[in-house]
Amino acid sequence: MIPALITVVIVAGLFGLFFVVERFVPLRATKSELFARLIVNLCFSALAFGVAALIVRPAVQSAMHWAGLQPFGLIHVVPLPAVGQFIGAFLLMDLSFYWWHVLNHRVPFLWRFHNVHHIDPDLDVSTGFRFHFGEVAMSAVFRVVQVALIGISAPAFATYELVFQANTLFHHSNLRLPIRFERLLNKVLVTPRMHGIHHSQVQGETNSNYSVVFPWWDRFHRTLGLNVPQSEIVIGVPGYSMVADRKLVNGLLMPFRKQRDYWRTPDGKVPRRETNTEPVNPTWMEE
Ligand SMILES: [Zn+2]
């Protein structure tokens, strides 16, 4: 079993590592001032961590404990050796997170909160934990159902949690990997180019590439879109691309205010992709 402290140390170390390396080999050009953006993202992250520690973690632990006592959960339906249960639970966790992410985009009330993650005008490792605390609080309900229905064991949960956090930081990072290497890595992991497209201002591109750890779920559900040249991507949500939207207080209040047209810029334009209007090969990663 992986103690929570080890997860925290590894994840903090990866945060520092990606933060330094992405300054030297950036994938996308940035458009906002780093320091101010970093402060805002760290504040969002601190609030998100607070809610996760106070609400989500205790709820998940008790659901897991309850399911373990019965035992209850999908993982017990078919008799499997311990290693099979571990792998099965790991895959089901990642698949169900894919569905939760899709719901966050499709259900207007959830999107009000998830939008706050997407309006970050640049994408780097600090975006990885930039979530509205309301989104984190609501995820507690999903997480309780998720761990109980799957019937995941505590060691499998701790392992998934570590991989989930580590890959969330990795795929949000602005790390330029050699394209051939990234194409290969993307066969098994969600990578920065793949997730960068999910943060594009083009609506159809934001509504693609929902996977967190394994990219296979987007392939299965036909939501994969890799054929977007990275140099053409503008990060953010068009309707919330004003400088004032970058302020912490505006971000915190955003879900509770009247919502704008998300996909239209303040001057009325709807960002579209001029090239690749026919996605002939969405499984081919562009440079
Ligand atoms: Zn999203």
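- For the 3.5 Å distance criterion, the side chains of H221 and W99 qualify, holding a donor opposite an acceptor.
- In this structure, the salt bridge (Lys or Arg N to Asp or Glu O under 4.0 Å) partners of R37, at least two apart in sequence or on a different chain, are D120, D124.
- Remark: H171 engages no residue in a side chain to side chain donor-acceptor pair (under 3.5 Å) (not counting sequence neighbours).
- Shown here are the side chain to side chain donor-acceptor pair (under 3.5 Å) partners of R246, two or more places apart in sequence or in another chain: there are none.
- Of all heavy-atom pairs spanning T168 and G128, the tightest one is CG2-O, 3.5 Å.
- When each of F113, Y98, W111 is checked for a ring pair (Phe, Tyr, Trp, His ring centres under 6.0 Å) with H105, only W111 meets the rule.
- When the salt bridge (Lys or Arg N to Asp or Glu O under 4.0 Å) test is applied to D218, no partner is found at least two apart in sequence or on another chain.
- Every residue two or more places apart in sequence or in another chain was checked for a salt bridge (Lys or Arg N to Asp or Glu O under 4.0 Å) with K31, and none qualifies.
- Distance OG1/T159 to CZ/F86: 3.5 Å, rounded to 0.5 Å.
- Partners of Y160 according to the side chain to side chain donor-acceptor pair (under 3.5 Å) rule, which considers only residues two or more places apart in sequence or in another chain, are D94.
- I75 meets the side-chain contact (heavy atoms from CB on, under 4.5 Å) test with Q85, A89, L92; sequence neighbours excluded.
- With W216 contributing its side chain and K187 its backbone, the two residues share a donor-acceptor pair below 3.5 Å.
- The cationic atom of R23 (NZ for Lys, CZ for Arg) lies less than 6.0 Å from the six-membered ring centre of F19 and within 45° of the ring axis.
- When the salt bridge (Lys or Arg N to Asp or Glu O under 4.0 Å) test is applied to R272, no partner is found at least two apart in sequence or on another chain.
- Shown here are the side-chain contact (heavy atoms from CB on, under 4.5 Å) partners of V144, two or more places apart in sequence or in another chain: A59, A63.
- Within the structure, every pair that satisfies the side chain to side chain donor-acceptor pair (under 3.5 Å) test and touches residues 129-142, not counting sequence neighbours, is listed here: N41-R130, H114-E135.
- Listed by first and then second residue, the side chain to side chain donor-acceptor pair (under 3.5 Å) pairs involving residues 50-71 amount to none (not counting sequence neighbours).
- Residues satisfying the side-chain contact (heavy atoms from CB on, under 4.5 Å) criterion with Q146, sequence neighbours excluded, are M93, S96, F97, F142, R143, I150.
- A donor-acceptor contact under 3.5 angstrom links the side chains of H117 and H172, judged on distance only.
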